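Please read the structure below before turning to the comments.
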2 protein chains.
Amino acid sequence: MTRALTRKGEATRARIVAGAAAEIRERGVDEVRLEDVMAHTGTSKGQLFHYFPDGKEELLLAVAQHEADQVLLDQEPMLSNLTSWPAWLAWRARLVERYRAQGVKCPLNGLLGQTGRRAPGAQAIVTGLMWRWQNAIVEGIRHMQSTGDIAPDVDADRVAAALLAGIQGGVLLLLSTGKTDHLEAALDLTIDSLRAGARVVGTQRRHSDD
Amino acid sequence: MTRALTRKGEATRARIVAGAAAEIRERGVDEVRLEDVMAHTGTSKGQLFHYFPDGKEELLLAVAQHEADQVLLDQEPMLSNLTSWPAWLAWRARLVERYRAQGVKCPLNGLLGQTGRRAPGAQAIVTGLMWRWQNAIVEGIRHMQSTGDIAPDVDADRVAAALLAGIQGGVLLLLSTGKTDHLEAALDLTIDSLRAGARVVGTQRRHSDD
DNA sequence: GCAGAAATGGACCCGCAAGTCCAAAGCACG
DNA sequence: CGTGCTTTGGACTTGCGGGTCCATTTCTGC
């Protein structure tokens with residue numbers, strides 16, 4: 001079913017997705033008309049329906065996937081290298097900085113609340129994003145456990161779940177309060193508890209087997 | 001500008017709000033047409049615009065306020081009486097139970113993401129809700145500090161902010177995963193850290209390195 | 001029971017934006 | 001170069017749904 005796309009066609013398609021994503025980030029899903037996308041990307045209605053035969057729904061899905069990928073990309077290379085406390089702090093800083101800059105214009109907002117209802121596939125995209133996100137955090141915790149920086153009895157999955165929840169909620173609250181206070185508090189308290197855990201365990205230890 | 005409302009009128013108005021709220025919870029804001037509300041509440045278009053002269057926007061605002069109040073009411077009397085560890089646990093249980101039952105049908109979803117864009121006032125409603133919510137938590141922490149159950153050097157505002165973020169994120173994740181794992185993890189880890197704090201106080205120095 | 005106001009019903013209007021259609025232009029490759 | 005595709009442009013259709021309007025009924029106070 002993949003239609004033959006020439007290089008030119010592919011470029012146009014990408015331009016549409018990127019433009020639509022920008023527009024949506026700026027003004028919200030249900031404020032963006034196909035006409036806006038056309039104007040903003042210099043395309044015609046014929047093109048839109050040529051590249052997205054199922055219309056708006058298909059376009060929105062493509063945008064959602066694009067934005068989901070972007071969310072994780074924006075955290076790299078920190079997110080994939082949570083291998084020391086400075087690395088964790090750098091990641092924390094990047095997150096706060098990114099969302100502070102972004103302010104109210106949140107892709108997640110559109111992704112989950114709005115796109116979610118219309119396109120059934122959007123749900124899957126969000127779930128996938130969260131899954132990848134949490135996985136990266138779990139990896140980080142496990143690695144820190146392997147170096148003895150985090151106590152081995154810490155439940156990596158559980159803490160990662162709580163941390164991810166804190167981040168999501170922090171961003172959500174950023175949307176209504178305009179402040180990053182909640183995000184920072186959630187990040188700091190969770191990370192602190194991870195650090196404290198290593199000490200409290202008492203035995204500063206290397207660990208290879210379990 | 002409060003129009004004179006007879007008892008009957010007031011009842012009708014309330015019926016509209018409650019019916020619209022239910023409908024929206026069930027199917028999402030932008031899937032609900034005025035016509036659906038009419039059918040579901042047994043009212044006519046004339047009535048809708050009689051009680052909500054500004055149309056859908058005004059109705060949505062009323063629904064938002066209604067739902068926001070409900071969110072807090074559902075946590076009572078626990079939320080206002082976080083005066084012992086059993087009380088905290090009861091509150092935790094109520095939250096999890098409530099959201100588990102509610103599943104995907106989340107008023108917040110509609111409130112923030114969707115209503116938020118359209119109605120400027122909706123933002124204020126959400127902010128108000130969060131403010132009241134967090135305040136109640138702060139009160140709880142302060143009370144526990146006054147009884148010595150929580151260490152006095154705990155920053156109540158900060159922990160409450162983190163906890164609220166965890167809850168919101170947990171609910172958000174419930175929407176895409178269908179599981180309450182994140183919500184429970186966030187609640188438990190934060191509450192645990194509050195309990196642990198009491199014991200550790202004095203012996204364990206807080207790290208404040210930079 | 002009789003003003004006057006509130007409550008109700010529902011027909012109608014109207015604009016908007018998604019989606020359709022086709023004709024024309026561009027391009028690829030033999 | 002010419003055949004058949006992808007690509008592009010834009011006019012047109014269409015349905016949906018919010019909002020308007022007014023006629024009718026019901027209620028309230030006197």
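Convention: sequence-line order gives letters A, B, ...; per-chain numbering from 1. What you see is a predicted model, and the numbers here were worked out from it, not measured in a lab.
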Exercise. Separation of B:Gln47 atom CD from C:dT8 atom P, in whole Å?
Worked result: 4 Å
Problem set entry | Nucleotide of D:dG10, C:dT8, D:dT7 approaching B:His50 most closely (side-chain heavy atoms) | C:dT8
For this session: Using side-chain contact (heavy atoms from CB on, under 4.5 Å) as the criterion, list what pairs up with A:Thr127, not counting sequence neighbours.
Result: A:Gln123, B:Ser176
Exercise. Which letters describe nucleotides 23-30 of chain C, given B = protein heavy atom under 4.0 Å from base, S = only from sugar-phosphate, - = neither?
Worked result: ---SS---
Exercise. Bend across the helix from C:dG1-D:dC30 to C:dG30-D:dC1, to 10°, with axes taken over 5 pairs at each end?
Worked result: 20°
Exercise. Who passes side-chain contact (heavy atoms from CB on, under 4.5 Å) against A:Ser80, sequence neighbours left out?
Worked result: A:Glu76
Donor-acceptor pairs under 3.5 angstrom involving side-chain atoms of residues 129-137 of chain B: please list them, not counting sequence neighbours.
{"from": "B:Arg132", "atom 1": "NH2", "to": "B:Asp69", "atom 2": "OD1", "distance (Å)": "3.0"}
{"from": "B:Trp133", "atom 1": "NE1", "to": "B:Gln75", "atom 2": "OE1", "distance (Å)": "3.3"}
{"from": "B:Gln134", "atom 1": "OE1", "to": "A:His182", "atom 2": "NE2", "distance (Å)": "2.5"}

For this session: Under the side-chain contact (heavy atoms from CB on, under 4.5 Å) rule, what do B:Ile141 and B:Ile150 come out as? Steps first, then yes or no, please.
Result: CA-CA 7 Å; B:Ile141 296 178; B:Ile150 291 181; 4.1 Å; yes
For this session: Assign the ring pair B:Trp88 / B:Trp91 to parallel, tilted or perpendicular, where the plane angle (0 to 90°) is split at 30° and 60°.
Result: perpendicular
Problem set entry | Flag, side chain of A:Asp155 to backbone of A:Asp157, donor-acceptor distance under 3.5 Å | yes
For this session: Using atom CZ of A:Arg7 as one end and atom C1' of D:dT7 as the other, report the distance to the nearest whole Å.
Result: 16 Å
Exercise. Can you check the A:Phe52 CZ to C:dT20 C1' distance for me, whole Å?
Worked result: 18 Å
Exercise. What does nucleotides 12-22 of chain D look like as a protein-contact string, B for base, S for sugar-phosphate only, - for none, at under 4.0 angstrom between heavy atoms?
Worked result: -----SBBB--
Exercise. Would you say the side-chain atoms of A:Arg92 pair up with the backbone N or O of A:Asp188, donor to acceptor, closer than 3.5 Å?
Worked result: no
For this session: Examine the side chains of B:Thr180 and B:Arg100 and answer whether a donor and an acceptor come within less than 3.5 Å of each other.
Result: yes
Exercise. Which is it for B:Leu95 and B:Asp74 under the side-chain contact (heavy atoms from CB on, under 4.5 Å) test, yes or no, and what are the steps along the way?
Worked result: CA-CA 8 Å; B:Leu95 261 182; B:Asp74 281 352; over 6 Å; no
Problem set entry | Below 4.0 Å: OP1/OP2 of D:dT8 and any side-chain N or O of A:Thr12 | yes
Problem set entry | Phosphate OP1/OP2 of C:dA6: any B:Tyr51 side-chain N/O under 4.0 Å | no
Exercise. Once you round it to whole Å, what is the distance between P of D:dT6 and CG of A:Leu48?
Worked result: 19 Å
Exercise. In whole angstrom, what separates B:Ile16's CD1 from C:dA7's P?
Worked result: 11 Å
For this session: For B:Gln168 and B:Ala165, indicate whether the former's side chain and the latter's backbone hold a donor-acceptor pair under 3.5 Å.
Result: no
For this session: Whole angstrom is fine here: how far is it from CZ in B:Arg13 over to P in C:dA6?
Result: 15 Å
Problem set entry | A:Gln70 atom CD: more than 12 heavy-atom contacts under 6.0 Å | yes
Exercise. In whole Å, what is the span from the CD atom of B:Glu10 to the P atom of D:dT28?
Worked result: 13 Å
